[in-house]
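A note on names: the letters A, B, ... follow the listed sequences, proteins ahead of strands, and every chain is numbered from 1.
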Number of protein chains: 2
Amino acid sequence: MTDLKISSKNNKINLSEVAKAAGVSKMTASRVLREEGGYSEKTRVKVMAEVERLGYLPNRIATVFAGDKNTTFVGVSIPDLGNEVFTHVLEGIDRKLVSFNHQTVLGMTQHALAEEETWIETVLSWKPAGLILTGRAHTPKAVQLLQSANVPLVEIWDLNSSPIDMCVGLNHFDSGYDMGRFLLSKGYTRFGYVGTSHDAANAATSRLNGYAKAIEDGGGKLSKQLCLNDIPGFYPGFYGTEQLLSSDPDVEVIFFQNDNMAVGAVHFCQAQHISIPGDIGIAGWGELPIASVLPYRLTTVQVNHLRIGQLAAENLLLKISGDQATPVSDVGFRLVTGETV
Amino acid sequence: MTDLKISSKNNKINLSEVAKAAGVSKMTASRVLREEGGYSEKTRVKVMAEVERLGYLPNRIATVFAGDKNTTFVGVSIPDLGNEVFTHVLEGIDRKLVSFNHQTVLGMTQHALAEEETWIETVLSWKPAGLILTGRAHTPKAVQLLQSANVPLVEIWDLNSSPIDMCVGLNHFDSGYDMGRFLLSKGYTRFGYVGTSHDAANAATSRLNGYAKAIEDGGGKLSKQLCLNDIPGFYPGFYGTEQLLSSDPDVEVIFFQNDNMAVGAVHFCQAQHISIPGDIGIAGWGELPIASVLPYRLTTVQVNHLRIGQLAAENLLLKISGDQATPVSDVGFRLVTGETV
DNA sequence: TTGAAAGCGGTACCAA
DNA sequence: TTGGTACCGCTTTCAA
């Protein structure tokens, strides 16, 4: 009566065991477990009782295999967990996925396209329900893998008018351009930029390019731009500012890759008794949590990171279930004029 | 010659197709792909050429199924991505796992044991190679599932002398106790605490308990403790301080759940012209990145979050590959005396 | 060095 | 409402 192990070597209970114990066929037990209908209430009760008693855990690998289906995994690649903006995006994604019974398989690509390619190949071999990739740049082989895998895919972060499948993000170039134009309107003429290193296809580079273009269009001068080999965090903002100002003391305003770097800059200036915005203007990007406790409103660009994640997951789930999904979603941005320029 | 689709309906190429194209049996192709040996170089070249030409992607679901093995997935549950300490831990875990060809399946439990239980059941049904869970508290059913699944498991964050399987973390109670004792030694007598809401089994609660015990042992008074219903970030630190001080203005020093909250407090004090540590002492926990740019050294507890993740993953991988692993690893902590008390 | 056959744990499809 | 059978794509086992 209480013999838990019945036959298989490693005492794992499978459907056959449950069916046998309940005195029905494998198929009937299968139907009950999938709540497919087509069985009597008496049968259902019998089967479920055995499931409970034996502690049966379905083997989803077998289910996927048998049905030639996909798993409920969604591969999500982000460049870096140390960069706060991406953790917010990831949170938005995972929350949404979980509420629709899907699971996030994490991929940290470390900003390297080659890493991404390897990861894509691995994840695809596990038959994921879908993929969410950060960034629009991929290796040719990765693109080919994605296309032939024919799995729902959302490229997030930077907007892309012709995505491989779908795309959710914002126009980073424009956000940089708007910031540049705004700073010009405040009367600045010598501009600086501090970010972290990245390849040319990067969204932060698009922001820098937009910023540079606005400055050029407005007759200003982008006199110094710095790309540190670091994550875009508080301390890199601190020492990046030091570096930039020591190599070009005439810069009047600095645009940072994100708010955390800008806050690092604010602290550097405080330590050096450089007044903001009197001596120098500071602008961030992304409206990160730290901005909420500063004594003055940081000039920045507000972006709804969580929303990007949610929308990406939503569209992906629509496509997974065979519904119509939006190919390109622009979540937009909003310039926060602030008090630091 | 160039007919890519050979037989199966959705033009997915499988091992049989490759084998047929290469003029060998399925088994030989299988051996080549697994680099198992027992085939001629000529055969190897033939098979690999077809793999390349047909763009064959192995179906790992089938592999796992056939071999009655586990996947290379490792389920990693953390309470919350909005809490910076856990993103660092997660980063440490994923980096290590990836370098050993394993993938992280994320589980955000939102600090709810019931969520964790559901997630554990789901993840186990996918036959993971192992599991890493944050926290030592689980529902009885979760514990039973974990035990009968017999999958390598590491419980991280809080130390647990008798873990279900393995455990990596630090003694949170002690870290709180040490902080309390240190603050007593600085002459404080009326103590406060600000954290976020959580169940009794939480590590932050252990820190609070240690803190309270030290204060009691030293004859001080924990006059006010606040548990906000929020994430432990900058802004909750800001308004939590406001709340605490308005309800008990006599508090002399406040211990926060983490550095980000403490920094929020610092900003509140600055805004209110409350001098630190003259009017009030501030202590954080965790040594988070923001601390590196403050104008003075924050009194805090240094914890190597990344290391916890790495160690957890290392031990898990050891056990997965059948090697000896350390059951309990204490990564320790270090009190940073700082200048804010 | 190679291949044929069985089977992993489910589901689809048919028949009863 | 139920059960039998074939089969998903690969690996294990054994024979050649």
K.L.:
Of the nucleotides dT2(D), dC10(D), dG9(C), which has the atom closest to the Lys26(B) side chain?
P.N.:
dC10(D)
K.L.:
Any salt bridge (Lys or Arg N to Asp or Glu O under 4.0 Å) pairs touching residues 32-48 of chain B, not counting sequence neighbours?
P.N.:
Arg31(B)-Glu36(B), Arg34(B)-Glu36(B), Glu41(B)-Arg44(B)
K.L.:
Which protein N or O atoms sit under 3.5 Å from an N or O of nucleotides 12-16 of chain C?
P.N.:
from: dA12(C); atom 1: OP2; to: Arg34(A); atom 2: NH1; distance (Å): 3.1

K.L.:
Sequence neighbours excluded, which residues qualify as side-chain hydrogen bond (donor to acceptor under 3.5 Å, both in side chains) partners of Asn83(A)?
P.N.:
none
K.L.:
Side-chain polar contacts of residues 113-120 of chain B - donor-acceptor pairs under 3.5 angstrom, sequence neighbours left out - could you list them?
P.N.:
from: Glu116(B); atom 1: OE1; to: His138(B); atom 2: ND1; distance (Å): 2.8
from: Glu116(B); atom 1: OE2; to: His138(B); atom 2: ND1; distance (Å): 3.3
from: Glu117(B); atom 1: OE1; to: Thr139(B); atom 2: OG1; distance (Å): 2.6
from: Thr118(B); atom 1: OG1; to: Ala114(B); atom 2: O; distance (Å): 3.0
from: Trp119(B); atom 1: NE1; to: Leu106(B); atom 2: O; distance (Å): 3.2

K.L.:
Do the side-chain N or O atoms of Tyr56(A) get closer than 4.0 angstrom to the phosphate oxygens (OP1, OP2) of dG9(C)?
P.N.:
no
K.L.:
For Lys96(B), give me all partners under side-chain hydrogen bond (donor to acceptor under 3.5 Å, both in side chains), at least two apart in sequence or on another chain.
P.N.:
Glu314(B)
K.L.:
If you only use heavy atoms from C-beta on, which nucleotide in dT11(C), dC8(D), dG3(C) is closest to the side chain of Thr28(B)?
P.N.:
dG3(C)
K.L.:
Could you list the residues that satisfy side chain to side chain contact (heavy atoms under 4.5 Å, CB included) with Leu153(A), not counting sequence neighbours?
P.N.:
Leu131(A), Leu133(A), Leu146(A), Ile164(A), Asp165(A)
K.L.:
Residues two or more places apart in sequence or in another chain: which of them pass side-chain hydrogen bond (donor to acceptor under 3.5 Å, both in side chains) with Arg136(B)?
P.N.:
none
K.L.:
Is it the case that the side chains of Thr43(B) and Ser40(B) hold a donor-acceptor pair, with the cut-off being a distance below 3.5 Å and no angle test?
P.N.:
yes
K.L.:
Applying side chain to side chain contact (heavy atoms under 4.5 Å, CB included), name anything that partners Thr134(A), two or more places apart in sequence or on another chain.
P.N.:
Ile78(A), Pro79(A), Phe86(A), Ile156(A), Trp157(A)
K.L.:
With Phe73(B), which residues qualify under ring pair (Phe, Tyr, Trp, His ring centres under 6.0 Å), at least two apart?
P.N.:
Phe73(A), Trp126(A)
K.L.:
What residues form a side-chain hydrogen bond (donor to acceptor under 3.5 Å, both in side chains) with Glu121(B), not counting sequence neighbours?
P.N.:
Lys141(B)
K.L.:
Give me the bend of the helix from dT1(C)-dA16(D) to dA16(C)-dT1(D), using the axes of the five pairs at each end, rounded to 10°.
P.N.:
30°
K.L.:
Which of residues 42-51 of chain B sit near DNA chain D, with a heavy atom under 4.0 Å from it?
P.N.:
none
